[in-house]
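Worth knowing before you read on, the calculation uses all heavy atoms, side chains too, and leaves out hydrogens, waters and symmetry mates.
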There are 2 protein chains.
Amino acid sequence: MSKSDSEAQMSFELHSAARLLRRNFDRRAREHGLTRSRWQVLWHLARQEGLKQAELAENMDVAPISLTRQLDNLEQEGLVERRRDDSDRRCFRIYLTEAAQPALTVLRELAQATREQALEGLSAREVDQLQKLLGRVRQNLSRDEK
Amino acid sequence: MSKSDSEAQMSFELHSAARLLRRNFDRRAREHGLTRSRWQVLWHLARQEGLKQAELAENMDVAPISLTRQLDNLEQEGLVERRRDDSDRRCFRIYLTEAAQPALTVLRELAQATREQALEGLSAREVDQLQKLLGRVRQNLSRDEK
DNA sequence: GGCGTATTATAAGTATGCTTATGAAATGGT
DNA sequence: ACCATTTCATAAGCATACTTATAATACGCC
């Protein structure tokens, strides 16, 4: 296989693998009544709470306006909370509520299951290698992301 | 790093890298007036023409109905063609027109540029390794895709 | 050969994301 | 202190994808 072909193949595999990983998780999440856009918000909040909407949107890689509606819904259902910032009355700080904890537990289990399936048959060394190579690709691409 | 952490990290990198790759290409394509959904159709057709809409949709990983509208637009602009199948009057076979060729040339160049940026600093051997590892992940996940 | 089922494309309605515009509040230069 | 600029959240309108339903045609079992 020529260098250029191998590179093209790599793009294809990268795309496919990521799509399948997402899908696999989606399928599991859907069985629990969690839709993609919903679990993504919860997932990011579990990593870090108290962000402004704009910051959270940046983290999630969606436009702030797109997050607004998701938060509207999640807030209505009592899973997240908008708290006014004391020092800047323009913005809110976003927090999870206690009611969100059960969903998070489920999400963590689903993520684990998906990963196990994805990495079946790969040695710890190979997983590590894959992670490092992907990390370099990511850095190459994120250089000019702003 | 524990095994489980390393695995979680891998999912994150995979997701990120794929997203950035897509985005990088999108940004380039957009400068040429090509939107995501449009170039995806053209791209897949360049690989293989003459498919039924349902088959093409399956390849592209979208629902058939979603493809219908894209084809409506692309057909209107004369970039693709729906040809009736002789032996099955229910279905169309989809083909690119001559008018689509310039766009495809541009797409190929953009893809090349994106790949070069993504893989900067990786040796041919590393690219190959990455491709093979991703291939295994893909296979693990695509087993139960249907 | 004939009828039930499957397949193909599409339509209607809904969800979700984006671009662009807007109002309120903060910030910075002078 | 004042005005221009920036930032934050949201609104309106559009693009795109999905779920579910439907009409036309093909297929398969008996």
Side-chain angles (χ1 to χ4, degrees), chain A residues 15 19 22-23 25-27 29-31 33-45 50-77 79-95 145-146, chain B residues 15 19 22-23 25-27 29-31 33-45 50-77 79-95 145-146:
Chain A
H15 210 91
R19 176 175 54 77
R22 208 174 353 96
R23 253 214 209 173
F25 186 83
D26 278 354
R27 192 169 39 226
R30 171 147 300 193
E31 287 166 13
L34 286 161
T35 178
R36 168 96 54 91
S37 49
R38 301 166 62 80
W39 64 252
Q40 282 200 336
V41 176
L42 297 178
W43 188 260
H44 280 263
L45 283 175
L51 295 173
K52 290 186 280 195
Q53 285 189 204
E55 291 168 346
L56 179 56
E58 168 73 22
N59 279 3
M60 291 179 56
D61 190 38
V62 297
I65 180 64
S66 307
L67 182 57
T68 298
R69 263 200 298 209
Q70 286 307 323
L71 290 178
D72 287 348
N73 295 335
L74 291 169
E75 190 178 32
Q76 185 117 30
E77 297 165 39
L79 296 179
V80 307
E81 207 183 340
R82 283 176 167 110
R83 298 191 202 151
R84 280 281 175 200
D85 187 314
D86 291 332
S87 62
D88 185 343
R89 277 180 303 163
R90 288 173 307 180
C91 63
F92 298 100
R93 301 282 172 175
I94 314 298
Y95 292 88
E145 274 291 312
K146 200 174 65 158
Chain B
H15 210 89
R19 177 175 53 77
R22 212 175 348 98
R23 252 216 211 172
F25 186 84
D26 278 354
R27 191 166 42 224
R30 171 148 298 194
E31 287 167 12
L34 286 160
T35 177
R36 168 94 55 90
S37 49
R38 301 166 62 81
W39 66 252
Q40 282 199 337
V41 177
L42 298 178
W43 187 260
H44 280 263
L45 283 174
L51 295 173
K52 291 186 279 197
Q53 286 189 204
E55 291 169 344
L56 179 56
E58 167 73 23
N59 278 3
M60 292 178 56
D61 189 40
V62 298
I65 179 64
S66 307
L67 183 58
T68 298
R69 267 205 290 211
Q70 284 307 324
L71 289 178
D72 287 347
N73 296 335
L74 290 169
E75 190 178 31
Q76 185 118 29
E77 297 165 40
L79 297 179
V80 308
E81 209 182 340
R82 282 176 166 110
R83 298 192 202 150
R84 280 283 176 200
D85 187 313
D86 293 332
S87 62
D88 186 342
R89 276 179 305 162
R90 288 172 307 180
C91 63
F92 297 101
R93 300 282 171 175
I94 313 298
Y95 292 88
E145 272 292 310
K146 199 176 63 162

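Note on A/Arg38: nothing from the nucleic acid sits closer than 4.0 angstrom, heavy atoms only. B/Arg93 comes within 4.0 angstrom of nothing in the nucleic acid, heavy atoms only. Among the protein residues, B/Arg69 comes within range of the nucleic acid bases, having at least one heavy atom under 4.0 Å from a base atom.
The footprint of chain B on DNA chain C, defined by a heavy-atom cutoff below 4.0 Å, extends from C/dA6 to C/dT19.
In this structure, the CZ atom of B/Arg90 is 15 Å from the C1' atom of D/dT22, given to the nearest Å.
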- Would you sort out whether B/Leu42 and B/Val80 count as a side-chain contact (heavy atoms from CB on, under 4.5 Å), showing the intermediate values? CA-CA 8 Å; B/Leu42 298 178; B/Val80 308; 4.2 Å; yes
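Phosphate contact (OP1/OP2 of D/dT16, side-chain N/O of B/Ser37, threshold under 4.0 Å): present. Considering only side-chain N and O atoms, B/Gln70 lies under 4.0 angstrom from the phosphate OP1 or OP2 of D/dA17.
Considering only side-chain atoms of B/Thr35, the nucleotide from D/dC18, D/dA9, D/dT16 that sits closest is D/dT16.
In this structure, A/Arg82 pairs ionically with A/Asp72, as a charged nitrogen and a carboxylate oxygen lie closer than 4.0 Å.
Remark: the backbone N or O of A/Leu74 is not paired with any side-chain donor or acceptor of A/Arg38 at under 3.5 angstrom.
Summary of the strand contacts: A/Asp88 and A/Leu67 both lie near DNA chain C, and taking for each the nucleotide with the nearest heavy atom, the more 5' one is attributed to A/Leu67. Heavy-atom nearest nucleotides on DNA chain D were determined for B/Asn73 and for A/Lys52, and the one closer to the 5' end corresponds to A/Lys52. Two residues, A/Ile65 and A/Cys91, neighbour DNA chain D, and the one matched to the more 5' nucleotide by heavy-atom proximity is A/Cys91.
For a distance-only test at 3.5 Å, the side chain of B/Arg89 fails to qualify as a donor-acceptor partner of the base of D/dT25.
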